[in-house]
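This is a predicted model, so every value here is computed, not measured. Labels below follow one simple rule: chain letters A, B, ... track the order of the sequence lines, proteins then strands, and each chain is numbered from 1.
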Amino acid sequence: MADINRQTGAAGGESERAAWLAEMERASRAKQETFMNGIAARLRHPRMTSKPAQPVRGAPDFWRTFDWTPEERVERFEANWRSVGGHTARAKDLAEAGRFIAERAQELSARIIVRQDQAELASLGLESSVPDAEVSVWNADEDVAWKARAAEADIGVVIADQALAYTGTVVVRSAPNKGRSVSLLPTVLFILIPAERLGTRLGEALIPMDEGGRDALPAGVHFITGPSRSSDIENDLTIGVHGPGVVYAVIIG
Amino acid sequence: MSAQKGRATVKERAELALNDEFLVKAVKFTTERLRNGKKNASAEHGNWDEWRERGRQIRLHTIAHLDYYLNLFVENARANGVHVHFADKGEDAVAIAMDIAQRKAAKTVVKSKSMVSEELHLNHALEQIGVEAIETDLGEYIIQLAGEMPSHIVIPAIHKNRYQIADLLSEVAGEKLEADTTVLAGFVRKKLREKFLEADIGMTGCNFAIAETGSMVLFENEGNARMVTTVPKTQITLMGMERIIPSFEDLEVMATLLPRSATGQKLTMYMSAITGPKRTADADGPEEMHIIIVDNGRSLQLGDPEFQELLNCIRCGACLNACPVYRHIGGHAYGSTYSGPIGAVLTPALNKNVAEWDDIANASSLCGACYEACPVKIPLHEMLIYLRRRKVETGNGKAVETAGMKGFAALTGSSAAMKAALAIGKIGQRLVVRGGEIRTKLGPLKGWNSYRVTPSLPRRSFRDRWEKLNREVDADRPQMAPDMKRRMEQIVKERGKGGGGHGGH
């Protein structure tokens, strides 16, 4: 496994580095004043330090009440997901989803599976149902180079924090037990979506991010709308350029 | 300022582009596809104009209070643990990025698409200090191998076919790769994956920055921007100072407008909101995160009633796809980082370079298709007219064009002069006629022939036949200005000697 924790060394010790960063910060704060004052001068108003009234914020009013029934959401989510080259499946519960993933893993002869460290995913029982594969649980062991582990994995398994039918989008938030790499680096990705987390509009995920505020946000919130793709070579659609090329959305319930 | 300055003018570069049949076909095909995609996506979504107006209002408000919102963003980003830097000029941003790279003793930087980085020619600067900068967007990677500039804001390698791409990639692979999209993309995936894992620094652009939370948002399809912000230990984000929107609530409007306008998608495959470096207990994400806020001419538009709205641009490329001129000549002909209608206005605006206005502002038919396509309703076609007017006001009007138009007025006003000029033309054109058309951009037809083709003069012109009937009226016509007459006579004399005939250029 590649060691990606390379030591560069050449930049001197930690304290020297901290001193340099502190110096950069002092310079930045000084510059910030002239930068903002310059903008205010160009805009021909005194420097604004209190929040201006925002006359128009977010989506048009008619959009905010737009909502599909739970059945419509599932139908539209699946149609959107498939239209961009993703795969969909339904399972009545986690046990059935676990069996579905195990079958696909065996078909594909998966050697390494990485999953997030969450109770729902533990209950899939992949450790026993896919005996030929090594199942790694994200960040469960300090000594593992986790990014490299995800990069060599055949399959990643995550559970969605939210999903939105109108665009066919899944939302995953990072955390110590939920790596960003798990939904990005493996070749094949399974995303479990509990049906009650499936909403209609993008705003249903975005507006709570404002309400919770800066402190409540994780380092990464990722909106995933299908497999990694590119049309950069002669407009010919290619799947799986950098991220997973095969992506299953498994709706549960 | 551009890598292709060797061919000095848009006109000359357009000639190059127009001669390249593949480019013309590829650009037309792609822009057509993107344009139809946008039309379908915006029609399917419905109430498109209401969303556009919403987008325009949000951008107008943010830019009008940019000192407040940018400052709020900076304070929040710092509170998230981000190191924020300010760069008045491109060189300042380059110096900051190089300082960070040197302090890290970085050997490689993996980059996801950033128009600001193109604008600063950052890769070149990094190379000079021995840091390898690798573009990881598939199209950008291809043109980096070819040593070229992007020709489209959304599809940078639009001008290359898969055989050319196979040749480029085969060189990297050290073996012959089949000219098959899947094979080629598969090779790039493997090759770049190694680079992601060994890179010291990940560098990104920024589609939107959320003032109220200090988050930065990236839209992409390939997943390389996610790689760049997940795997390397240090992240540097280059951000134009105008990328701000107040809130995630406002992002819903931008996320509705941007992908539909760019590619006709309901949403790009990935939209990532990054709020600071990794949290202590996280096992991935950067340990150190820098955001460099770049002015580089942007603030010159602030407070300018005619051009402030330029800063509303969300870089979707819809105006390129809609523009009949872009579709015909392709992006390289504009000779700058930003091409198409937005580039025609933004490039001179960022540079306040009057000489440039001369050239690029004329590469437009003023048809207004760009405004119709723009998701935030920037009146680009009007701005092109303002540019032309300003160039005249500042005395930088094209001397040639002005003289040409005056000359034309004098000539058409005087049939004697017209006759003389036609006679000169009939002699002179022998040197420039190809296949019954005149395409030269030298001499008196210089300005006129830029994007038009003048038919060659028939041997016996309508004017010759009309001569008799008009003879009596001739006396009443105004005479040609004496200095012009002298010049014309001089030219005829020169031609008579059989000399040069290159119109003095």
Is there side-chain contact between B/Tyr69 and A/Pro52, with at least one heavy-atom pair below 4.5 Å?
yes
Please classify the contact between B/Arg78 and chain A as side chain, backbone, both or neither, with a heavy-atom cut-off of under 4.5 Å.
side chain
So, the part of B/Ile165 with a heavy atom under 4.5 Å from chain A: the answer is side chain
Answer yes or no: is there an ion pair linking A/Arg57 with B/Glu252, defined by an N-O contact shorter than 4.0 Å?
no
Less than 4.5 Å to any heavy atom of chain B: does that hold for the side chain of A/Ser50, its backbone, both, or neither?
backbone
Name the option with the most non-hydrogen atom pairs under 4.5 Å to chain B; the candidates are A/Thr169, A/Leu237, A/Leu217, A/Ile207.
A/Leu217
Let me know if B/Ile100 has heavy atoms under 4.5 Å from chain A in its side chain, its backbone, both or neither.
both
Heavy-atom count around A/Phe62 CZ within 6.0 Å, excluding the residue itself: above 12?
yes
What part of A/Arg180 lies closer than 4.5 angstrom to a heavy atom of chain B: side chain, backbone, both or neither?
both
Distance-minimising heavy-atom pair for B/Asp250 and A/Gly58:
OD1-N, 2.8 Å
Indicate whether the side chain of B/Glu222 and that of A/Ser230 have a donor and an acceptor atom separated by less than 3.5 Å.
yes
Restricting to non-hydrogen atoms, name the atom on A/Pro227 and the atom on B/Met269 that form the minimum distance, rounded to 0.1 Å.
O-CG, 3.2 Å
Contacting region of B/Leu192 [heavy-atom separation from chain A under 4.5 Å]:
side chain
Region of B/Gln265 in contact with chain A, defined by heavy-atom distances below 4.5 Å
side chain
Under 3.5 Å, side chain of B/Arg189 to main-chain N/O of A/Gly240, donor-acceptor pair present?
yes
Do the side chains of B/Arg193 and A/Glu152 get close enough for a salt bridge, i.e. N-O under 4.0 angstrom?
no
Side chains of B/His85 and A/Ser28: do they bring a donor and an acceptor to under 3.5 Å?
no
Should the ring pair A/His242 and B/Phe196 be called parallel, tilted or perpendicular, given that the plane angle runs from 0 to 90° and is split at 30 and 60?
perpendicular
Between B/Ile155 and A/Asp232, does the side chain to side chain contact (heavy atoms under 4.5 Å, CB included) criterion hold? Intermediate values first, please.
CA-CA 6 Å; B/Ile155 303 187; A/Asp232 276 351; 3.9 Å; yes
Quick one: does any side-chain atom of B/Asp67 pair with a main-chain N or O of A/Met36 as donor and acceptor, under 3.5 Å?
no
Chain A contact via B/Thr280 - which portion, at a heavy-atom distance below 4.5 Å:
neither
What residue, out of B/Arg279, B/Glu249, B/Lys266, has the most heavy-atom pairs lying under 4.5 Å from chain A?
B/Glu249
Side chain, backbone, both or neither: which part of A/Pro244 has a non-hydrogen atom closer than 4.5 Å to chain B?
both
Counting distance only, does the side-chain N/O of B/Arg162 pair as donor-acceptor with the main-chain N or O of A/Ile233 below 3.5 Å?
no
Hey, which of B/Leu302, B/Thr275, B/Asp284 has the most heavy atom pairs under 4.5 Å with chain A?
B/Asp284
Is B/Leu34 in contact with chain A via its backbone, its side chain, both, or neither, using a 4.5 Å heavy-atom distance?
neither
With a 3.5 Å distance limit and no angle check, can you tell me whether A/Lys31 reaches the backbone of B/Phe86 through a side-chain donor-acceptor pair?
no
What part of A/Lys51 gets closer than 4.5 Å to chain B, counting heavy atoms only: side chain, backbone, both or neither?
both
Region of A/Ala151 that comes under 4.5 Å of a non-hydrogen atom in chain B:
both
Which region of B/Pro259, side chain (C-beta onward) or backbone (N, CA, C, O), has a non-hydrogen atom less than 4.5 Å from a non-hydrogen atom of chain A, or is it both or neither?
neither
For the residue pair B/His45 / A/Tyr166, report whether a side-chain donor-acceptor contact shorter than 3.5 Å exists.
yes
For each of B/Ala185, B/Ser299, B/Gly276, tally heavy-atom pairs with chain A at distances under 4.5 Å, and name the one with the top tally.
B/Ser299
Greater than 12 external heavy atoms within 6.0 Å of A/Glu142's CD:
no
Under the criterion side chain to side chain contact (heavy atoms under 4.5 Å, CB included), I'd like the reasoning laid out for A/Trp20 against B/Asp99: C-alpha separation, chi angles, the key distance, then a yes or no.
CA-CA 10 Å; A/Trp20 169 67; B/Asp99 192 16; 3.4 Å; yes
Side chain, backbone, both or neither: which part of A/Asn80 has a non-hydrogen atom closer than 4.5 Å to chain B?
side chain
What part of B/Gln308 is in contact with chain A, defined as an atom under 4.5 angstrom from a non-hydrogen atom: side chain, backbone, both or neither?
side chain
If you look at every heavy atom in A/Ala59 and B/Trp51, which pair is closest and at what distance?
CB-CH2, 3.7 Å
Tell me, out of B/Ile58, B/Thr62, B/Thr181, B/Asp137, who's got the most heavy-atom pairs with chain A below 4.5 Å.
B/Thr181
B/Arg56 portion near chain A, given a 4.5 angstrom heavy-atom threshold
neither
Who among B/Glu50, B/Gln57, B/Lys190, B/His61 has the most heavy-atom pairs with chain A under 4.5 Å?
B/His61
Let me know if B/Glu288 has heavy atoms under 4.5 Å from chain A in its side chain, its backbone, both or neither.
side chain
Given that the side chain runs from C-beta out, which part of B/Ala64 has a heavy atom under 4.5 Å from chain A: side chain, backbone, both or neither?
backbone
Please state whether the side chain, the backbone, both or neither of B/Ala87 comes within less than 4.5 Å of a heavy atom of chain A.
backbone
salt_bridge(B/Asp304, A/Arg42) N-O dist < 4.0 Å
no
Just so I understand: if I count every heavy-atom pair under 4.5 Å between each of B/Glu75, B/Glu53, B/Met254, B/Met289 and chain A, which residue has the most?
B/Glu75
For A/Thr49 and B/Tyr68, which heavy atoms make the closest approach, and how far apart are they?
O-CE1, 3.8 Å
